[in-house]
Amino acid sequence: MLRVRFAPSPTGYLHVGSARTFIFNWLYARRHGGTMILRIDDTDVERNTEQSLDSIFEGLKWLDLDWDEQYRQSERLALHQQFAETILAKGLAYRDFTPAVVAVEDAPHGASTWLFNADQREISKEDSDRRAAAGEPFVVRYKVPRDVVEQVKFTDSVYGEQVKSTADIEDFALLRSTGIPTYHLASCADDVDLRISHIIRGQDHLTNTFKHVLIFKAAGYEPPQFAHLPLLIAPDGAKLSKRKHGPVVSVTTYRDAGFLPHAFINFLCLLGWSPKDDRERMTREELKAIFSFEGINRSNAVINFSEAEPFDAKALWLNAETIRTMPVADLSAALAPVLVEAGIECSAGKLAHITPLIQERIRLLKDILTVGDFFFAKELAPYDSAELIPKKGDAAMALKALEKALEALPSIEFSHDGLEAGLRAAAEQLGIKAGQMFEPIRVAVCGRKTAPPLFGTLEALGRDVCLERIDKAIAKLK
RNA sequence: GGCGCUAUCGUCUAACGGUUAGGACAGAGCCCUCUCAAGGCUUAAAUACGGGUUCGAUUCCCGUUAGCGCUACCA
């Protein structure tokens, strides 16, 4: 039975890297008919927050990702402690009564890295039991063999054979002096108890895995299969962090900016994994059908962003592609909440007219607010009257075109084809090029030179608004 | 410092000893066109460096360099 888990620690919002880890786990489970488990790794009581947990759920909900079972580590304390007890009883761990050091910054990374507290390992079982019973605080450490050097091994589905000497592994903690398990212990105990078959997680755990293998074996279990994922890093090469890189590391930022859930998932999948052919855009079903460890890369992937452009160009492109290939009705439905959020009132009927006009012009849902502002504004934003002057024309030509439009529009059928025929005829009557006729009208109606196609725009705006705006433009010219 | 992992266009990646080193995004140019967008075509752009192994290395091995990770009673 294939069982995988996503185990976030609720110490921040849902990170894009975490989201990708969830997706890869999910894809693997769904492809092979396995079970997807969400396990909240909240053993760090100091840093956990409920808000963080909410943001994780919020992010997963937005991405429409589901799971079959859910657990919370803090509710499984007894299990973890028992697990530690088993290892301790076997003599494979020891109590360390050294008082907690007040984190001295220069100690850990210096030349003299400690591997264990030699004296603490030598305390006899009787003494250790007595001191513990007397209430003296201690941490339980794994007792890495020191008399003989062994090679700890495991095979990673992505990184291949991994070997590390026990001489390079320190006596890591299993239980804190508070009795609360450390991540390493809780994680392994739960993986055993939840019968996890495959651990798919970030490469930052690759070296930790040797410790985990030691824990699994000490408790008498075979370790599950491991598959480590390359990390997502920032353009500066550093691991993505909120402090350094800001909100771009949070999944909700993408949601709020107007990314479509699937486009975002698609983007994340392309970071560190490849279908090995030239496919870029893939549906969820396709992804489920072809995802495999063979396609996972071993080098870190840069997610590109800058202050000027906070989102990776590929993500933007994928989102734009998704937007322009989705059914208009679906896009309208996705756009409606964006308008509500911005406090804009727009009937479903009007939105249905506007949507096809902007569909291939927006990259993010929120772009409707800038690309289509003139559809919603009661009053057009101020623009320079010089904008009204067409190419190879002058103010007089602009005026002539607008006046002609004002005269013709009331009797023209307000449909795309009707407007095109009417306006082209009007241009001909004036003896100017069609473009020179259209340009002043576009600016008069949209307030700028770049806008969606004119006829559809006029139609969506309605006759009254068009006439009013043209009238104002004429006044501006005079 | 120790240990581990990684190294192909700016970015994401393909090429599991033999290719003119492919694709995508971003960039540039042209076409289409009522502006913009979309689309079509064209273009520029990479095997970190040094040694091996081999008839032949992007590919295998070693070293250098660089980046990242771990080295907590964080996860």
Side-chain angles (χ1 to χ4, degrees), chain A residues 7-11 41-44 46-47 96 98-101 103 107-115 137-141 156 159 162-165 167-170 172-184 186-187 201-211 228 230-231 233 235 237-239 267 270-281 294 297-304 309 312-318 320 324 357-363 371 390-391 420 423-424 427 433-439 441-443 446 448-455:
Chain A
S9 62
T11 54
D41 279 12
D42 56 350
T43 52
D44 184 359
E46 309 275 303
R47 303 197 303 156
D96 180 349
T98 313
V101 257
H109 304 292
S112 59
T113 310
W114 74 244
L115 288 174
F138 60 85
V139 305
V140 173
R141 290 185 185 283
D156 189 273
Y159 289 89
Q162 299 296 312
V163 184
K164 188 167 182 166
S165 166
D168 295 318
I169 301 175
E170 72 281 7
F172 53 94
L174 262 23
L175 238 36
R176 299 175 168 93
S177 54
T178 52
I180 293 175
T182 61
Y183 159 75
H184 301 302
S187 178
R201 73 213 325 181
Q203 192 242 48
D204 46 346
H205 285 300
L206 192 64
T207 24
N208 285 331
T209 306
F210 295 104
K211 295 175 191 168
H228 286 89
L231 264 23
I233 57 176
K239 193 171 162 179
F267 169 65
L270 257 18
L271 255 22
W273 173 81
S274 159
K276 301 281 184 185
D277 52 28
D278 288 339
R279 269 183 287 185
E280 299 257 42
R281 287 196 58 207
E294 281 69 56
N297 256 339
R298 281 176 289 275
S299 49
N300 294 166
V302 173
I303 168 161
N304 239 325
E309 179 49 78
D312 191 291
K314 195 79 163 237
L316 251 14
W317 173 76
L318 242 14
R324 43 182 180 254
L357 294 171
I358 60 166
Q359 183 159 27
E360 57 186 33
R361 271 161 266 267
I362 58 174
R363 296 184 303 174
V371 171
K391 249 182 288 189
E420 173 154 23
L423 259 18
R424 280 189 191 279
K433 291 186 171 176
Q436 293 174 318
M437 177 80 198
F438 302 157
E439 260 188 87
I441 300 175
R442 173 178 299 111
V443 175
C446 302
R448 72 175 96 92
K449 281 187 163 150
T450 60
L454 188 60
F455 316 120

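Below, chains carry the letters A, B, ... as their sequence lines are ordered, and counting in each starts from 1.
Residues A:Q162 and A:D156 share a closest heavy-atom pair of CG-CB, 4.3 Å. The two residues A:L175 and A:P181 come nearest to each other via the heavy atoms CD1-CA, 3.7 Å.
Atom CD of A:Q359 and atom P of B:A38 are 13 Å apart (whole Å). Rounded to whole Å, atom C1' of B:U71 lies 14 Å from atom NE2 of A:H205. As rounded to whole Å, 4 Å separates atom C1' of B:A38 from atom CD of A:E360. Atoms CH2 (A:W317) and C1' (B:A37) sit 16 Å apart, rounded to a whole Å. Atom OH in A:Y183 sits roughly 11 Å away from atom P in B:C70 (whole-Å rounding). In this structure, the CG atom of A:L454 is 15 Å from the C1' atom of B:A37, given to the nearest Å. Per the geometry, CG belonging to A:L357 stands 14 Å off C1' belonging to B:A38, to the nearest Å. We find that CZ of A:R361 is positioned 5 Å from C1' of B:A37, with the value rounded to whole Å.
Nucleotide B:C68 forms a Watson-Crick or G-U wobble pair with B:G4, both donor-acceptor distances falling under 3.5 Å. In this entry B:U58 has no Watson-Crick or G-U wobble partner, no candidate having both defining distances under 3.5 Å. Nucleotide B:C41 is matched to B:G29 when pairs are restricted to Watson-Crick or G-U wobble geometry with both distances under 3.5 angstrom. In this structure, B:A24 and B:U11 make a Watson-Crick or G-U wobble pair, each of the two defining distances being under 3.5 angstrom.
In this view, A:Y183 and A:H205, A:H212 satisfy the ring-ring contact (aromatic ring centres under 6.0 Å, His included) rule, not counting sequence neighbours. Evaluation of the salt bridge (charged side-chain N to carboxylate O under 4.0 Å, His left out) rule for A:E309 yields A:R363 as partners, not counting sequence neighbours. For A:R324, the salt bridge (charged side-chain N to carboxylate O under 4.0 Å, His left out) test picks out A:E321, with sequence neighbours left out.
A close approach under 4.0 Å does occur between a side-chain nitrogen or oxygen of A:R424 and OP1 or OP2 of B:C34. Proximity of A:K239 to the phosphate of B:C70: a side-chain N or O atom is located under 4.0 Å from OP1 or OP2. One finds a side-chain N or O of A:R141 lying less than 4.0 angstrom from the OP1 or OP2 phosphate oxygen of B:C73.
With both ends at atom C1', the span from B:G4 to B:G27 equals 38 Å, rounded to whole Å. Rounded to the nearest Å, the gap between the C1' atom of B:G51 and that of B:A21 is 23 Å. Nucleotides B:C60 and B:C5 are separated by 15 Å at their P atoms, to the nearest Å. A distance of about 45 Å separates the P atoms of B:G69 and B:C36, rounded to the whole Å. Only the C1' atoms considered, B:C9 is 41 Å distant from B:A72, to the nearest whole Å. B:U58 and B:G52 have their P atoms separated by 15 Å, given to the nearest Å. When the C1' atom is used for both B:U71 and B:A14, the distance is 36 Å, rounded to whole Å. For the C1' atom pair drawn from B:U19 and B:A15, the interatomic distance equals 8 Å after rounding to whole Å.
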Nucleotide N/O of nucleotides 41-48 of chain B paired with protein N/O under 3.5 Å:
none

Could you write out each protein N or O paired with an N or O of nucleotides 3-5 of chain B at a distance under 3.5 Å?
| unit_1 | atom_1 | unit_2 | atom_2 | d |
| --- | --- | --- | --- | --- |
| B:C3 | O2' | A:K164 | NZ | 3.4 |
| B:C5 | O2' | A:Q203 | NE2 | 3.1 |

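Annotation: the span from A:T11 atom OG1 to A:D42 atom CG amounts to 10.5 Å, rounded to 0.5 Å. To the nearest 0.5 angstrom, A:F210 atom CZ is 12.5 Å from A:F172 atom CZ. With rounding to the nearest 0.5 angstrom, the CD atom of A:Q436 is 9.5 Å from the NZ atom of A:K391. Distance CG/A:L423 to CE/A:M437: 5.0 Å, rounded to 0.5 Å.
In the displayed structure, A:K433 atom NZ is contacted under 6.0 Å by at most 12 heavy atoms of other residues, nucleotides or ligands.
Here A:H228 lies out of heavy-atom contact (under 4.0 Å) with every strand. If you check every strand for non-hydrogen atoms under 4.0 Å, A:P452 touches a base. Using a 4.0 Å heavy-atom distance criterion, A:A451 is classed as a base contact. Looking at heavy-atom distances under 4.0 Å, A:P137 makes no contact with the nucleic acid at all. Among the heavy atoms of the strands lying under 4.0 Å from A:S9 are primed sugar atoms or P, OP1, OP2 only; no base atom is included. Among the heavy atoms of the strands lying under 4.0 Å from A:T43 are primed sugar atoms or P, OP1, OP2 only; no base atom is included.
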### Message
Evaluate A:D96 against A:T98 for side-chain hydrogen bond (donor to acceptor under 3.5 Å, both in side chains), listing each step before the verdict.
### Response
CA-CA 6 Å; A:D96 180 349; A:T98 313; 2.5 Å; yes

### Message
side-chain hydrogen bond (donor to acceptor under 3.5 Å, both in side chains), that's the test. Do A:R201 and A:T209 meet it? Break it down for me.
### Response
CA-CA 11 Å; A:R201 73 213 325 181; A:T209 306; 3.1 Å; yes

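Nearer to the 5' terminus of RNA chain B, by closest-nucleotide assignment, is the contact made by A:A434 (compared with the other of A:T182 and A:A434).
The side chain of A:N208 lies closest to B:A75 when the candidates are B:C73, B:A75, B:U35.
Using a 4.0 Å cut-off between charged nitrogen and carboxylate oxygen, A:D312 and A:K314 do not count as a salt-bridge pair. Using a cutoff of 4.0 Å between basic side-chain nitrogens and carboxylate oxygens, A:E170 and A:K211 are scored as salt-bridged.
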### Task
Go along nucleotides 10-16 of chain B 5' to 3' and tag each nucleotide: B for a protein heavy atom under 4.0 Å from its base, S when only backbone or sugar atoms are that close, - otherwise.
-SBSSS-

